Amino acid sequence: MSLEDIDISAWTALETAASDPQSGFRYLNLCTVDTAGNPQARMVVLRRVDRLARILEFHTDTRSPKWQEIAAHPRVTVVGYGHQQKLQLRLEGTIKQYTFESQQASAAWRGLSARTRSTYAGGPPGDSLAFHAAADDASTQPLDDAEGLAHFGVLILHVNTLDWFQLSRENNQRAWLTYTDSGALHASKWINP
Ligand SMILES: Cc1cc2nc3c(=O)[nH]c(=O)nc-3n(C[C@H](O)[C@H](O)[C@H](O)COP(=O)(O)O)c2cc1C
């Protein structure tokens, strides 16, 4: 496979994952630096990919710690593993944040199911629970769409580098690709795994 093919296939895998819940890259690990300078990581759902602009989109609650962390340190790393392809993708770039008043958040909100929207209507993520409601109780509570929207945030990651690593019994392979701000492939090379 050529470096150009690697670029194409990696972004095809990401694009597929944004619409296929079974795909290996559907859930990615979003890594940030917190306000104390410590590393933080958590799983997020890959919601949208723009392969030409080299954009990955994630959704989160604007009250969550990660939202504040990214506001202070917008450079992040995202890592995922596709079990079937035995492929690790590590992407680095800068996140832009969009709150509910933005066009980006409105468009994303329109595409969400009522069930997903309702996850933004609860208490602030990470706050202590006063009581642990049974799952059955929670599902019977009315959903407040407007309240959920007020906490809804879109994270748009503009990818600058891709570290591509394929596991193989005989010969692990690794490639390093960089992109310009407009999303063009800037440079690519094979590196030692
Ligand atoms: C499979 C999986 C997918 C998740 N997807 C998201 C997501 O898309 N957005 C999100 O904010 N949290 C998501 N979470 C929860 C986060 O991993 C995390 O626990 C939560 O957002 C709090 O993160 P923070 O305290 O670093 O802000 C997901 C958790 C799992 C297990």
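Both ligands and their constituent atoms are indexed starting at 1 by order of listing. Quick caveat: nothing in here was measured; it's all calculated off a predicted structure. Scope of the values below: all heavy atoms of this structure, side chains included, with no hydrogens, waters or symmetry mates.
- Ligand 1 has a nitrogen or oxygen under 3.5 angstrom from a nitrogen or oxygen of T60.
- With E57 as reference, R48 is the one residue of Q104, R47, R48 to meet the side chain to side chain donor-acceptor pair (under 3.5 Å) rule.
- When only interatomic distances are considered, the shortest N/O to N/O separation between D61 and ligand 1 does not fall below 3.5 Å.
- For P65, the closest heavy-atom approach to ligand 1 falls below 4.0 Å.
- Neither the backbone nor the side chain of R47 comes within contact range of ligand 1; no heavy atom lies under 4.0 Å.
- Here the shortest heavy-atom distance to atom 8 (O) of ligand 1, taken over L155, T116, V45, belongs to V45.
- Atom 19 (O) of ligand 1 has as its closest protein heavy atom R42 CB, 4.5 Å.
- Every atom of ligand 1 with a heavy atom of V44 under 4.0 Å away is listed here by number and element: 5 (N), 6 (C), 7 (C), 8 (O), 9 (N).
- A salt bridge links D163 with R174: the closest approach of a Lys/Arg side-chain nitrogen to an acidic carboxylate oxygen falls below 4.0 angstrom.
- In terms of protein heavy-atom proximity, atom 20 (C) of ligand 1 is closest to K66 NZ, 3.7 Å.
- One option in M43, H59, E69 has a heavy atom closer to atom 31 (C) of ligand 1 than any other, and that option is M43.
- Atom CD of Q103 sits in a sparse spot, with 12 or fewer heavy atoms from other residues, nucleotides or ligands closer than 6.0 Å.
- Side-chain atoms of T99 and E101 include a donor-acceptor pair closer than 3.5 Å.
- Remark: side-chain polar atoms of Q40 are not paired, donor with acceptor, to backbone N or O of K66 under 3.5 angstrom.
- Shortest contact from atom 3 (C) of ligand 1 to any protein heavy atom: Y27 CD2, 3.9 Å.
- Inspection of the D5 and S2 side chains reveals an N or O donor paired with an N or O acceptor under 3.5 Å.
- Side-chain polar atoms of T32 and R42 form a donor-acceptor pair below 3.5 angstrom.
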